[in-house]
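First the structure, in the form of structure tokens, and then the observations on it.
To find a chain, count down the sequence lines: A is the first, B the second, and so on, and within it residues start at 1.
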4 protein chains.
Amino acid sequence: MSEEKHSGGRPRDADAAASIKAATLKLVRERGYNKVSIAAIASAAGVARQTLYNRWSTKADLVLEAVFEETGHYADAPLHNPNKSCKLQLEAFLIQVFTHLKESGSPIRSLIAAAQDDPAFREALRERFVKPREVLVIDLLQRAQDQGELSRTRDVKMLSNFIHGAFWYALLNGEPVDARLARDIANEIFVA
Amino acid sequence: MSEEKHSGGRPRDADAAASIKAATLKLVRERGYNKVSIAAIASAAGVARQTLYNRWSTKADLVLEAVFEETGHYADAPLHNPNKSCKLQLEAFLIQVFTHLKESGSPIRSLIAAAQDDPAFREALRERFVKPREVLVIDLLQRAQDQGELSRTRDVKMLSNFIHGAFWYALLNGEPVDARLARDIANEIFVA
Amino acid sequence: MSEEKHSGGRPRDADAAASIKAATLKLVRERGYNKVSIAAIASAAGVARQTLYNRWSTKADLVLEAVFEETGHYADAPLHNPNKSCKLQLEAFLIQVFTHLKESGSPIRSLIAAAQDDPAFREALRERFVKPREVLVIDLLQRAQDQGELSRTRDVKMLSNFIHGAFWYALLNGEPVDARLARDIANEIFVA
Amino acid sequence: MSEEKHSGGRPRDADAAASIKAATLKLVRERGYNKVSIAAIASAAGVARQTLYNRWSTKADLVLEAVFEETGHYADAPLHNPNKSCKLQLEAFLIQVFTHLKESGSPIRSLIAAAQDDPAFREALRERFVKPREVLVIDLLQRAQDQGELSRTRDVKMLSNFIHGAFWYALLNGEPVDARLARDIANEIFVA
DNA sequence: GAATAATCGAGACGGTACGTCCTGTCTTCAA
DNA sequence: TTGAAGACAGGACGTACCGTCTCGATTATTC
């Protein structure tokens, strides 16, 4: 069902996509998004330049896919853990996110940057990166309100903005995005 | 005293700097940062391309200066207004900042983006844009604590991060950065 | 056999080479070598600038090829004509060379000039322009000696230098290089 | 009489001209004419760039003066030496010229090259370098005819062209311009 | 002695050209 | 039809020069 029909012609090289994404991640981490050309990625992947254009329409698309291929799935992981307080669940979630960033922080910063001049790409980033995390956090905060751990007077949407905003702000300003930040954010959100 | 000494050689054309910055702002607002070439700025300013290179080492530097030349001073404006509650002062401050962004939001988004691939430039942006606003907000929050308007249990540094983070998050995600957001942020900070 | 193998990749546009060389000759004759920029040639040929760099490493190389493409072959023409005296054969040969110069004298002067600052290019010019003509003249003079038309005491290598030197000297000094010069040279060589 | 009246204003620095010419010769010999910029000469001479423009209108003019300043006078030296045969006088003269070229050959090649794109400069070179040597050689050859050392049937103007042409040809083709060439030329001219 | 005027060091300016790099498209051959 | 290879149009980049110009400072001559 997920297999597209192959109607004649040479089939796509299955290995190509993997080696391209690997080369993309490697180069972007080493040199930074803007210092990596499409030609350099193709060359590092041992692939013709056209092969990249066959599959991704822009460099941003490619990097987006490369970055979230491997690690994009953790967002589906069950955040709900009845044994822990919501505050600790939030902290644990942030630590999980920040750990991923330790490796891919630079590419993600680059993606956010690339999104600023390309509305279509900004939307893609929103769908794949931003919204899933917002949903998780908002759910968690609502659960906290249901369980009386968080006051019903708090605006969970704005709190979510505070949480994500705080880590974007640190990320984009080059400040450490680590366990300490996760704890400080969680503490301040659940302060009252 | 603030004038740099002129130690020989033809002095720089004072008009040139102004027309270059004006052309820069105009073009960046119209087309977006990455769609504007240095040659186009020079041409619009009626100036030789080399003249830009004589004064700014990168396009980011130029745009940074152009954006904050005119509006960078309002941060010095007295934020302290004894007749208003701190919450309203915060809201007023944010409205002021957001008003500026209505005009220069796109260039500033571009600057934040450009900073992600250039540590030196990120530092410059931090000094000229980020830090001054942090200082203002932190002072205000501390005053609020002194006056009993804000609980001493709150971490003003993290609250400042929430405030700035919330607006960066909205800005970079293409959501409205307006008076409503200012009010919502102020409300949530002073919620208790 | 003389065709270079095509080992993958889009083949070079055959028309492009022709139109580039044509534009090169036209512009160099009109404006002079140093007044013609690579960009101007590309533009006149309706071709991207990079296409020129793909094929020739320097402007001198390009002009060299353009100048000798059309007319470089006459050197192969049989100089040996048993019905004429060697003196008249020399005169006819020089007239032939000088006629070519009437059209391309300016580009050739430019090539000689360009060769003075580029040893590699000087060698190329020697191979394509200088040596073939030396060989022809030396052969002719030796034939003249064999037939008793020229004394065996003469040094044909030096006489060849006299002949070519005289016409370079005239060419580079802006003096007429015409049939009269051809006759005068031939007369003086066969004077005795 | 050769001193121009100085009617007010700071007089020109007398040392400047010397150090400029020295720097010019040094740099042109080291790097070649086209690889030397006016700015580099000024810098090497410890002089402002404008000072060069105050005195010479083009780089070619400057180099012309620099090259012939020191050695341009030998052409006035008496070539007539009754004790030697004209052939030996010619050989001695050529050796004298070629010795100068051993040091300044490269700049002179450059000057001939530069002249090809600048008629005014070609004329200047002709006056200062070409014609004086032609006159000397023609006089010598006429003396040789008067004394019976050279046949009256020879065209001394063309012989002069042969002589100068032969050495230009060698010079511009990168062949040795030395005592051996001087002897070979003299021998062949006086062959009969 | 003061005014005048040309020169000098320094360096900005308008301009032209350079050679490199990159993007996205196209065109060939081979699989 | 895909892939490898590479040419092509187009455009931006940063650098290097050129010849001109504009400063402040200097150094003569002329008044």
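D/Thr24 OG1 to D/Trp56 CH2: the interatomic distance, rounded to the nearest 0.5 Å, is 6.5 Å. Rounding to the nearest 0.5 angstrom, the gap separating the CZ atom in D/Arg55 from the OG1 atom in D/Thr51 is 6.5 Å.
Side-chain atoms of C/Glu123 do not come within 3.5 Å of backbone N or O of C/Pro119 as any donor-acceptor pair. Remark: the backbone N or O of B/Ala60 is paired with a side-chain donor or acceptor of B/Tyr33 at under 3.5 angstrom.
With contacts defined as side-chain heavy-atom distances shorter than 4.5 Å, the pair C/Glu30/C/Lys35 does not qualify. The closest side-chain heavy-atom distance from D/Leu64 to D/Arg128 is below 4.5 Å.
Rounded to whole angstrom, the span from the CD1 atom of D/Ile41 across to the C1' atom of F/dC18 amounts to 13 Å. Separating the CG atom of C/Asp15 from the C1' atom of E/dT27 is a distance of 14 Å, rounded to the nearest angstrom. Atom NZ of D/Lys35 and atom C1' of F/dA16 are 14 Å apart (whole Å). Rounded to whole Å, atom C1' of E/dC13 lies 11 Å from atom CD1 of B/Ile20. Going from atom OH of B/Tyr53 over to atom C1' of E/dA17 covers 14 Å, rounded to whole Å. Rounded to whole angstrom, the span from the CG atom of B/Leu52 across to the P atom of F/dC13 amounts to 10 Å. To the nearest angstrom, C1' of E/dC21 lies 14 Å from CZ of A/Arg31. The interatomic distance linking B/Asn34 (CG) with F/dA12 (P) rounds to 12 Å, in whole Å.
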Original post:
Taking protein heavy atoms under 4.0 Å as touching, what does nucleotides 4-11 of chain F look like 5' to 3' if B marks base contact, S marks sugar-phosphate-only contact and - marks none?
Top reply: BBBBSBB-
